[in-house]
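Only a predicted model underlies this, so the values are computations on that prediction, with no experimental measurement involved. Below, read A as the first sequence line, B as the second, and so on, with proteins coming before strands; counting in each chain starts at 1.
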Protein chains: 2
Amino acid sequence: MPGGSGNAVTSAGLGQGSSALVEALVAQGELTDPASPRGRLLNAAALLFVEKGFARTTVRDIAAEVGILSGSIFHHFRSKEAILCQVMREVTIFARARMEAAVAQERTPRGRLRACILCELEAIHGRAVPGFTILVSEWRSLSPESQRQVLQLRERYERLWRDVLAEAGRMDDPALARRLLQGSLAHSYHWFRPKKQGLSLDELAGQVLSLYCR
Amino acid sequence: MPGGSGNAVTSAGLGQGSSALVEALVAQGELTDPASPRGRLLNAAALLFVEKGFARTTVRDIAAEVGILSGSIFHHFRSKEAILCQVMREVTIFARARMEAAVAQERTPRGRLRACILCELEAIHGRAVPGFTILVSEWRSLSPESQRQVLQLRERYERLWRDVLAEAGRMDDPALARRLLQGSLAHSYHWFRPKKQGLSLDELAGQVLSLYCR
DNA sequence: TTGATAACCAAGCGCTTGCTTGGTAGCGTT
DNA sequence: AACGCTACCAAGCAAGCGCTTGGTTATCAA
């Protein structure tokens with residue numbers, strides 16, 4: 001079932017544009033095919049890590065989610081931490097590709113900054129990038145070696161942010177602006193509820209933009 | 001040794017003004033005496049929770065830190081989670097008292113907002129309020145009932161923030177401003193290093209203030 | 001001297017955890 | 001038909017976990 005409709009990410013609610021992006025990245029060997037056993041494990045683990053946290057998620061939980069026994073997981077991954085590491089790697093790669101695409105469509109500095117903000121908000125709140133919040137919440141659950149790996153992949157993502165902020169931001173230091181912004185956006189995970197109040201994701205992005213845009 | 005110099009908070013690096021504040025709160029029965037066995041356990045637990053996280057800290061770790069055996073902990077607390085809950089309660093109470101004192105000393109709206117920002121930054125980075133970051137990082141480790149308790153104590157702290165922001169902030173919605181601000185400040189724990197770069201806590205507070213102050 | 005109480009020890013129970021081992025079913029290739 | 005490979009099962013091990021139990025010591029008031 002290559003590129004099949006059983007794709008876990010698609011079924012989680014991605015737009016058609018994004019699932020095409022996933023397929024392209026899978027073809028390039030940058031992402032694991034979400035339809036493969038390994039890919040289904042990664043998706044299940046990502047959702048569980050978001051829901052319960054890494055420490056409180058057992059390998060038995062993950063196995064049960066895809067319908068196999070706990071021991072069988074170690075046919076696909078060396079350790080539980082290796083699952084977390086791979087989830088973070090793929091999340092980083094996908095979020096970066098998605099944001100690069102969004103930025104490329106904009107014609108003004110302000111538009112590009114707004115695209116970045118909305119992109120990250122969607123990654124946090126929507127199902128656009130399942131597991132994105134883990135990058136912050138479970139960072140310390142990674143071994144130093146794994147942290148190094150993910151950090152290396154993350155650099156390109158952060159560079160894009162800094163470039164956009166240097167062009168459109170009102171603060172002198174783009175790196176500082178990015179850090180303050182990242183905190184605000186990441187924290188919104190803990191209070192923002194897309195439908196339960198007047199504020200929409202788009203409006204939230206606008207409010208944040210008005211703070212940081214010149 | 002009542003009010004003694006063996007005070008764990010004092011020895012952790014508090015200024016003299018704050019240790020007097022601690023003593024006053026202890027006298028009112030709002031905080032546990034840091035010199036008591038129970039208080040020493042709370043302090044040790046708070047530092048370990050900050051350092052390693054709640055799930056990765058064992059009751060044996062905490063016991064070893066104060067020089068007793070693991071079982072003896074349960075003479076003082078019903079469960080490991082009860083320790084976390086009490087740490088959060090006392091941290092909340094102390095942080096609120098500290099910020100109220102700081103705000104009361106200011107004469108302008110801008111000064112009060114600046115005081116709040118600096119107060120929370122000191123709680124996060126200095127040793128002013130040991131365990132303050134746990135309130136965010138380990139929130140999900142609390143049972144719903146414990147969350148309710150801490151949330152109730154936290155309300156007064158957040159109300160002060162909103163009042164100050166309503167007076168001095170440049171955003172329409174003080175509650176939204178507080179949430180964006182809280183994210184930025186909390187996240188600074190992961191990147192800001194007080195002495196290893198040019199930016200000081202004071203300067204950071206100034207940068208943040210310039211974003212949110214009218 | 002006695003008794004009450006707080007603080008702690010020594011030992012270990014019952015359970016969960018990540019992970020290992022040895023084996024097997026199904027499938028495509030030759 | 002034989003092989004090799006992927007994906008999985010069945011069973012369980014060793015370690016670590018939170019917590020319990022029964023008993024001991026020190027302190028201090030009556």
Side-chain angles (χ1 to χ4, degrees), chain A residues 1-2 4 6 8 26 29 32-46 48-49 51-88 134 138 140-143 145-146, chain B residues 1-2 4 6 8 26 29 32-46 48-49 51-88 134 138 140-143 145-146:
Chain A
M1 193 189 286
V26 168
T32 303
D33 182 0
S36 71
R38 184 182 160 96
R40 288 168 57 231
L41 272 174
L42 285 173
N43 261 288
L48 284 170
F49 292 162
E51 192 183 319
K52 315 181 8 172
F54 178 73
R56 283 175 292 277
T57 300
T58 69
V59 292
R60 285 166 177 82
D61 292 334
I62 303 171
E65 198 67 24
V66 300
I68 62 176
L69 292 189
S70 67
S72 306
I73 283 192
F74 298 91
H75 174 71
H76 301 279
F77 298 95
R78 287 181 298 99
S79 65
K80 182 189 171 189
E81 195 232 333
I83 302 178
L84 178 62
C85 181
Q86 189 60 23
V87 165
M88 287 194 178
I134 304 173
E138 299 298 340
R140 288 195 307 173
S141 301
L142 276 186
S143 68
E145 164 58 20
S146 298
Chain B
M1 195 189 285
V26 169
T32 304
D33 181 1
S36 71
R38 184 182 159 97
R40 287 168 57 229
L41 272 174
L42 286 172
N43 260 287
L48 284 170
F49 292 161
E51 191 183 319
K52 316 181 7 173
F54 178 73
R56 282 176 293 276
T57 299
T58 70
V59 293
R60 286 165 176 82
D61 291 335
I62 303 172
E65 197 68 23
V66 300
I68 62 176
L69 292 190
S70 67
S72 306
I73 283 192
F74 299 92
H75 174 71
H76 301 278
F77 297 95
R78 287 181 298 98
S79 65
K80 183 189 172 189
E81 195 232 334
I83 303 179
L84 177 63
C85 180
Q86 189 61 23
V87 164
M88 287 194 177
I134 304 173
E138 299 298 341
R140 287 194 308 172
S141 300
L142 276 186
S143 68
E145 164 58 20
S146 299

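Note: CZ (A:Phe74) to C1' (C:dG22) measures 17 Å, nearest angstrom. The NZ atom of B:Lys52 sits 12 Å away from the C1' atom of D:dG16 (whole-angstrom rounding). We find that CZ of A:Phe77 is positioned 11 Å from P of D:dA7, with the value rounded to whole Å. Rounding to whole angstrom units, CG of residue A:Asp61 and P of C:dT16 are separated by 12 Å. B:Ile62 has its CD1 atom 11 Å from the P atom of D:dC17, to the nearest Å. Straight-line distance from the CZ atom of A:Arg56 to the P atom of C:dT17: 12 Å, rounded to whole Å.
Between B:Arg140 and A:Glu138, the shortest heavy-atom distance links the atoms NH2-OE2, 4.0 Å. Scanning all heavy atoms of the two residues, the minimum distance from A:Arg60 to A:Ser70 falls at CG-CB, 3.5 Å. The shortest non-hydrogen separation linking A:Ile134 to A:Ala46 is CD1-O, 3.4 Å.
For the pair B:Thr32/B:Gln86, a side-chain contact is recorded, criterion being any heavy-atom separation below 4.5 Å from C-beta on. Contact annotation: the side chain of B:Phe54 never approaches that of B:Leu142 to less than 4.5 Å [non-hydrogen atoms, C-beta and beyond].
In this structure, B:Leu84 CG and B:Ser143 OG are separated by 9.5 Å, a value rounded to the nearest 0.5 Å.
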Heteroatom pairs (N/O) under 3.5 angstrom, protein to nucleotides 7-11 of chain C:
unit_1 : atom_1 : unit_2  : atom_2 : d
C:dC8  : OP2    : B:His76 : NE2    : 3.1
C:dC9  : OP2    : B:Leu69 : N      : 2.7
C:dC9  : OP2    : B:Ser72 : OG     : 3.0

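Taking 3.5 Å as the limit, the base of D:dG16 and the side chain of B:Arg60 contain no donor-acceptor pair of atoms between them.
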